[in-house]
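Heads up, the thing below is written out as structure tokens.
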Amino acid sequence: MKPEVRVKPGSDGTRSKQLIQEHFKYIALSTHDPENLPLVIEKANGVWIYDVDGNKYIDFSSGISVCNLGYPTHPEIKKVVLEQLDKLAHGAGTDFFNPYQIELAKKLASIVPGNAGRKVFFSNSGTEANEAAIKLVRQATGRKFIIAFYGGFHGRTMGSLALTASKNVQKKGVFPWMNGVVHAPYPNPYRNPWHIDGYEQPDELVNRVLEFIEEYILDKLISPDDVAAVISEPIQGEGGYVIPPRMFFSELKKLLDKHGILLIDDEVQMGMGRTGKMLAIEHFNTIPDIVTLAKALSGGVIPIGATVFRADLDFKQPGMHSNTFGGHALACVVALKTIEIVENLLPHVQRLEKVFRDELMPLKDKVEKIGDVRGVGLAWGVEVVVDKKSKKPDPQTRNKIIKVALEKGLVLLPCGKSSIRLIPPLIISEEEARTGLDIFREAVLSATS
Ligand SMILES: Cc1ncc(COP(=O)(O)O)c(C=O)c1O
């Protein structure tokens, strides 16, 4: 039987409205959008979310790429959590030793491409994983500059914030952030400074980006021997689910190797099976020097961040970097189990890619306001524009689609200036996926007609 969403007929959302009002009285202004996403979650199960007014929704947001294993807790994760709670939860993993973080570090080292010896620094979030990467590359190379990409998102603390360049509001009013970062255009096939159609001419697009880095940064701005690293998301997440041409990272790595510049691969959003591979960089046949992870590594249960790096880059003495919760025993056990479950889900994610492709691609041909549809595995982005010719971003219509979808029982999140991400939990069944995709199509047609 086809799974059904239930938006209560006549539900006036009274409880939700009350709680949203209270929220803004007591909780700091952050990224909530009460106009388009007035969703007050009471509980969730599998891929289904229930709000405080009794409405039931299908989830295409995965709690911002965290709940890849669904809600509330995958049964196998629940089992290891309960067992571990009887042994050790917090064991001050940066001062005392524990076997759990060693096991997880070994596993993480084995899932990162390449055969270099790898070590891991543990933390609690994506931004912290990137902060550790910044300190690692600076102290290991003695070089201070880092190159990041426009449209990239790496966190909002003062170091990673300097790398982030997806929206100016993230940096508004808080200058100065960390010094020593310059940005290059990302090879966005749909929207780039050279107006190249990167789907038709991927080589041309990649060459322009590399030429920019070589000629406009390394030649005219900063000597290559002052540049410690380039940081990039393998597929930009917050920036709009933008997939660069397949040869981009291998060509970039060749250029970086020439100058002894390291490559940091930020897998915080795209890692952990989202794209049908454990790490998204595996689609690009490239071996990064450092990989950062967080979000879905925790199985949606407990925060964890990890910076997996070439062992020779390690901090030179104890105390150069540390924290309180890193190597948290419970978090490490959960992450180990999460990786095991995700490994088994990869073929399922690869199969569902076709379902998403077949349902979403026709929208690009049919609807004037759908400028681009791009995706791999269960990581899909749909870009909304005023019209195909101008490609002018249309955030109002994007927001309307998200709002209408929610009213019809589908949870979506925006990304980029005018894109929508469709990122269901990886455990979603084909029937459930089709239910969500049907609602998405109806919402697009209704909001753009
Ligand atoms: C690619 C990427 N890196 C880093 C971060 C920051 O992670 P956190 O919010 O856990 O600090 C995010 C968050 O969205 C992200 O998408």
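Both ligands and their constituent atoms are indexed starting at 1 by order of listing.
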For the side chain of Ser250 and the backbone of Thr286, is there at least one donor-acceptor N/O pair under 3.5 Å apart?
no

Over all atoms of both residues, closest heavy-atom pair of Gly436 and Phe60:
CA-CZ, 3.6 Å

Does an N or O anywhere in Gly126 fall below 3.5 Å from an N or O of ligand 1?
yes

Between Phe325 and His90, is the ring centroid distance below 6.0 Å?
yes

Based purely on interatomic distance, does Glu233 place a nitrogen or oxygen under 3.5 Å from a nitrogen or oxygen of ligand 1?
no

In terms of the angle between their ring planes, are Phe248 and Tyr186 parallel, tilted or perpendicular, with boundaries placed at 30° and 60°?
perpendicular

At what distance is the nearest protein heavy atom to atom 3 (N) of ligand 1, and which residue and atom is it?
Asp266 OD2, 2.7 Å

Parallel under 30°, tilted from 30 to 60°, perpendicular over 60°: which one fits the rings of Phe212 and Trp194?
perpendicular

Within a distance of under 4.0 Å, is there any protein heavy atom near atom 14 (O) of ligand 1?
yes

Heavy-atom distances under 4.0 Å are what count here, so tell me which part of His154 touches ligand 1: side chain, backbone, both or neither.
backbone

For atom 2 (C) of ligand 1, what's the nearest protein heavy-atom neighbour? Residue, atom name and distance, please.
Phe153 O, 3.3 Å

Protein contact to atom 16 (O) of ligand 1 [nearest heavy atom, distance to 0.1 Å]:
Gln269 NE2, 2.8 Å

Show the nearest heavy-atom pair for residues Pro185 and Val209, with the distance to one decimal.
O-CG1, 3.4 Å

I'd like to check which ligand 1 atoms, numbered from 1 as shown, lie under 4.0 Å from a non-hydrogen atom of Asn130.
3 (N), 4 (C)

Is it true that Lys364 and Asp372 have a side-chain N and a carboxylate O under 4.0 angstrom from each other?
yes

Could you tell me whether Lys258 and Glu214 have a side-chain N and a carboxylate O separated by less than 4.0 Å?
yes

So for Glu238 against ligand 1, with non-hydrogen atoms under 4.0 Å, the contacting part is side chain

Heavy-atom proximity to atom 6 (C) of ligand 1 ranks first, among Asn124, Thr127, Ile64, for Thr127

Out of curiosity, is Glu128 lining ligand 1, as in a heavy atom under 4.0 Å away?
no

